[in-house]
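Notes for the one structure printed next.
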Amino acid sequence: MYSTEEELIFKANDAKGKTFSEIDIHNRLLKNTKGQFGHIIEESLFGYDINSNAKPDFEELDIELKVTPIKINKNKTFSSKERLVLNMINYMNEPYVDFLNSSFWYKNKKLLLMFYLWLPDTQRKDFRIIDSFIYTYPEEDLEIIKNDWKIITNKIKAGKAHELSEGDTFYLGACTKGANSKSLREQPFSKTLAKKRAYSLKQSYMTTLVRQRINGNEMTKFTSSDKLKKNTIEELIELNFSSYYGKTLSNLSKELNIPINKNSKSYIPQFISAMLGIRGTKLTQIEEFAKADIKFKSVRIEANGIPKESMSFKNIDFNKWQDEEQWEKSTLYTSFEKSKLLFIVLEYKESKEANPDRQLYFKKVKLWNMPLEILNNELQNIWIETKKILDDGIDIQYVKRGCLVVEKNNLPKSNFNGVAHIRPKARNAQDKYLLKDGQKITKQCFWLNSKYVAEILK
DNA sequence: GCATGATCATGC
DNA sequence: GCATGATCATGC
């Protein structure tokens, strides 16, 4: 029906500014079926019959239609509300083809993206389409996506489809799909059943796209398509940093011409962007890391290889934690499942006793995401235990310690299962969080145990 | 020496 | 004013 992209986008633009109830001429909104927004657009706007096959929606143009929500943040920027879910991964077929013959590439090489604005406390029918455009992957993104596809299919080939995690890859993810976590499928190289998964563009990828397009956000890349044709993004990260390994921070300071301020740790982000060859760029503005949801964490390890301190994460919203019903939808699960951490490992080669003025050395970087097994065992147990404690009411005690009165609690400690614990992180002891039962507790955060971090870095 | 609570410094 | 990274301090 549409013989050129121009015709298609011209038609798509008819929907701009309209709500779904204004677009819907077949009263599809009455039925509460999933994916209904895509169906309304297909049927009422483009006059297509609804299909659910392996072909792209606009087959003659090789274009797949995707209707997807964005939301406004408190600071007025936009974020994608979700990852963009693409076609199902058929574990039995996908390992036997190459990328260009894959189901992903066949169906999703070109997308007609139609963004609608999701608003809280608003009826679905009143959401408005705010932007539509045809999306093709930039050359450098496509190289990363090809490699992601390879990571996914290699895991299937290794008989590990059941261990797939969104954090394994950079832009293209394998996200769970199915009525619940019990909808399992067989895989070709293992008897273990694996969760149903679909290809998806990560939420962080979509958010970056939205901010570039709608907020006009400009980001900086440290790679290029030429470089990505020769090396994977992981190799390029290693290549950029490895020439600085073994140097002291004071040598790095001279070499990179970035002063070290003893009272501030802000020189480390400056070192990082300089080592990546994009001096002056804020870490949040590095395109590859924003799209892939890679977060930097600097670690100082002692001469024995173990960090002196555990690693802290975001503050805990206990009331939200208590309300969470599904582990896979919890903040704890999602934050570790989709993200990668890039550890910047700094090392003391001598003990503090041997040399109080000891130097810090830049040892290495390590890109890491939490293995699904740890996530679904140790971390899930902490989540369950904490929920139980919250339901029972945290046991908060005030105990004298010298001239101070300190607050004690019964939240999971570092000996709970060796991976993580919950501990205070606040401005001071008066900086409290109000719990549902009316108790106040010093603000707490989630920590990875120092010994577990040492194990990761080994 | 480690575990756990407390808090500083910075940047937005 | 607050979130976050980083680190101190005390008691067992």
Side-chain angles (χ1 to χ4, degrees), chain A residues 73-77 211 215 217 249 258-273 280-285 294-321 331-332 335 339 341-348 351-354 356 358 360 382 385-386 389 394-434 439-455:
Chain A
N73 303 313
K74 282 183 197 141
N75 65 2
K76 302 282 176 205
T77 58
R211 291 192 190 159
N215 292 99
N217 195 2
L249 288 197
I258 295 166
I260 294 180
N261 175 354
K262 280 275 181 232
N263 288 326
S264 159
K265 299 293 167 266
S266 66
Y267 60 86
I268 289 183
Q270 293 179 40
F271 278 9
I272 293 169
S273 48
T281 306
K282 281 191 188 159
L283 300 188
T284 53
Q285 294 301 312
I294 295 173
K295 297 185 173 77
F296 292 86
K297 285 279 182 188
S298 70
V299 199
R300 273 142 232 259
I301 58 174
E302 294 292 321
N304 64 3
I306 300 173
K308 202 160 145 240
E309 303 289 344
S310 295
M311 182 176 280
S312 72
F313 289 82
K314 291 208 320 187
N315 254 291
I316 294 176
D317 187 340
F318 286 109
N319 296 339
K320 200 171 159 209
W321 191 315
T331 306
L332 189 61
S335 58
S339 314
L341 300 179
L342 184 65
F343 294 117
I344 310 293
V345 187
L346 308 172
E347 174 188 37
Y348 291 112
S351 71
K352 206 171 187 173
E353 293 72 37
R358 62 201 179 143
L360 258 182
I382 289 178
E385 175 71 9
T386 303
I389 293 167
I394 304 179
D395 180 14
I396 301 172
Q397 309 249 354
Y398 295 93
V399 185
K400 261 198 176 170
R401 191 173 85 183
C403 55
L404 275 182
V405 175
V406 296
E407 183 185 285
K408 300 262 182 188
N409 65 61
N410 61 335
L411 291 161
K413 304 282 181 271
S414 60
N415 61 357
F416 180 71
N417 61 22
V419 170
H421 62 277
I422 293 173
R423 213 168 91 207
K425 183 167 76 169
R427 216 167 37 252
N428 55 43
Q430 285 70 54
D431 192 12
K432 302 284 190 192
Y433 181 92
L434 179 61
Q439 291 196 96
K440 284 181 180 169
I441 186 169
T442 305
K443 287 181 182 168
Q444 310 272 321
C445 89
F446 184 85
W447 303 72
L448 285 184
N449 291 2
S450 53
K451 278 180 189 157
Y452 179 61
V453 174
E455 213 175 290

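Letters A, B, ... mirror the listed sequences (proteins, then strands); counts begin at 1. Here the structure is a predicted model, which is why all the values come from computation and not from measurement.
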Map A:Leu404 and A:Lys451 onto DNA chain B by nearest heavy atom, then report which one ends up closer to the 5' terminus. A:Lys451
Tell me which of A:Glu309 and A:Ala429 sits closer to the 5' end of DNA chain B, going by the nucleotide each one is nearest to. A:Glu309
Which part of the nucleic acid, if any, lies within contact of A:Ser450, taking any heavy atom under 4.0 Å across all strands shown: a base, the sugar-phosphate backbone alone, or nothing? nothing
In whole angstrom, what separates A:Leu360's CG from C:dT7's P? 8 Å
Starting at CD1 of A:Ile268 and ending at P of C:dG5, how long is that distance when rounded to a whole Å? 13 Å
To the nearest angstrom, the CG-P distance between A:Leu283 and C:dG5 comes to 12 Å
By nearest nucleotide on DNA chain C, pick out whichever of A:Arg423 and A:Lys400 is the more 5' one. A:Arg423
Quick check: do A:Tyr452 and A:Met311 have side-chain heavy atoms less than 4.5 Å from each other? no
Using a heavy-atom cut-off of 4.0 Å across all strands, would you classify A:Lys295 as base, sugar-phosphate, or nothing? nothing
By side chain to side chain donor-acceptor pair (under 3.5 Å), A:Asn409 pairs with (sequence neighbours left out) A:Lys413
When the distance from NZ of A:Lys440 to C1' of B:dG5 is rounded to whole Å, what number comes out? 20 Å
Honestly, is A:Lys425 close enough over A:Phe313, meaning NZ or CZ under 6.0 Å from the six-membered ring centre and within 45° of the axis? no
Backbone N/O of A:Gln285 and side chain of A:Asn217: donor-acceptor pair under 3.5 Å: no
Atom-pair distance (CD1 on A:Ile316; C1' on B:dG5), nearest Å: 14 Å
Separation of C:dG11 atom P from A:Glu407 atom CD, nearest Å, is 18 Å
With heavy-atom distances below 4.5 Å as the criterion, would you say the side chains of A:Thr386 and A:Phe446 are in contact? no
List every contact pair, protein side and nucleotides 1-4 of chain C side both N or O, where the distance is under 3.5 Å.
| from | atom 1 | to | atom 2 | distance (Å) |
| --- | --- | --- | --- | --- |
| C:dA3 | OP2 | A:Lys443 | NZ | 3.0 |
| C:dT4 | OP2 | A:Asn315 | N | 3.4 |

C:dT7 phosphate, OP1 or OP2: any side-chain N/O from A:Arg300 under 4.0 angstrom? yes
Could you check how far CD1 of A:Ile422 sits from C1' of B:dA6, rounded to whole Å? 17 Å
Report yes if at least one side-chain N or O of A:Ser298 is closer than 4.0 Å to OP1 or OP2 of C:dA6; otherwise report no. yes
Residues 395-403 of chain A, side-chain donor-acceptor partners within the protein, below 3.5 Å, at least two apart:
| from | atom 1 | to | atom 2 | distance (Å) |
| --- | --- | --- | --- | --- |
| A:Asp395 | OD1 | A:Gln397 | NE2 | 3.2 |
| A:Tyr398 | OH | A:Glu407 | OE1 | 3.2 |

Check this for me: does the side-chain of A:Arg401 come within 3.5 Å of the base of C:dG11 through a donor and an acceptor? no
Looking at side-chain heavy atoms only, is the closest gap between A:Phe416 and A:His421 below 4.5 Å? no
Nearest-Å distance for atom pair CD/P, residues A:Gln430 and B:dT7: 7 Å
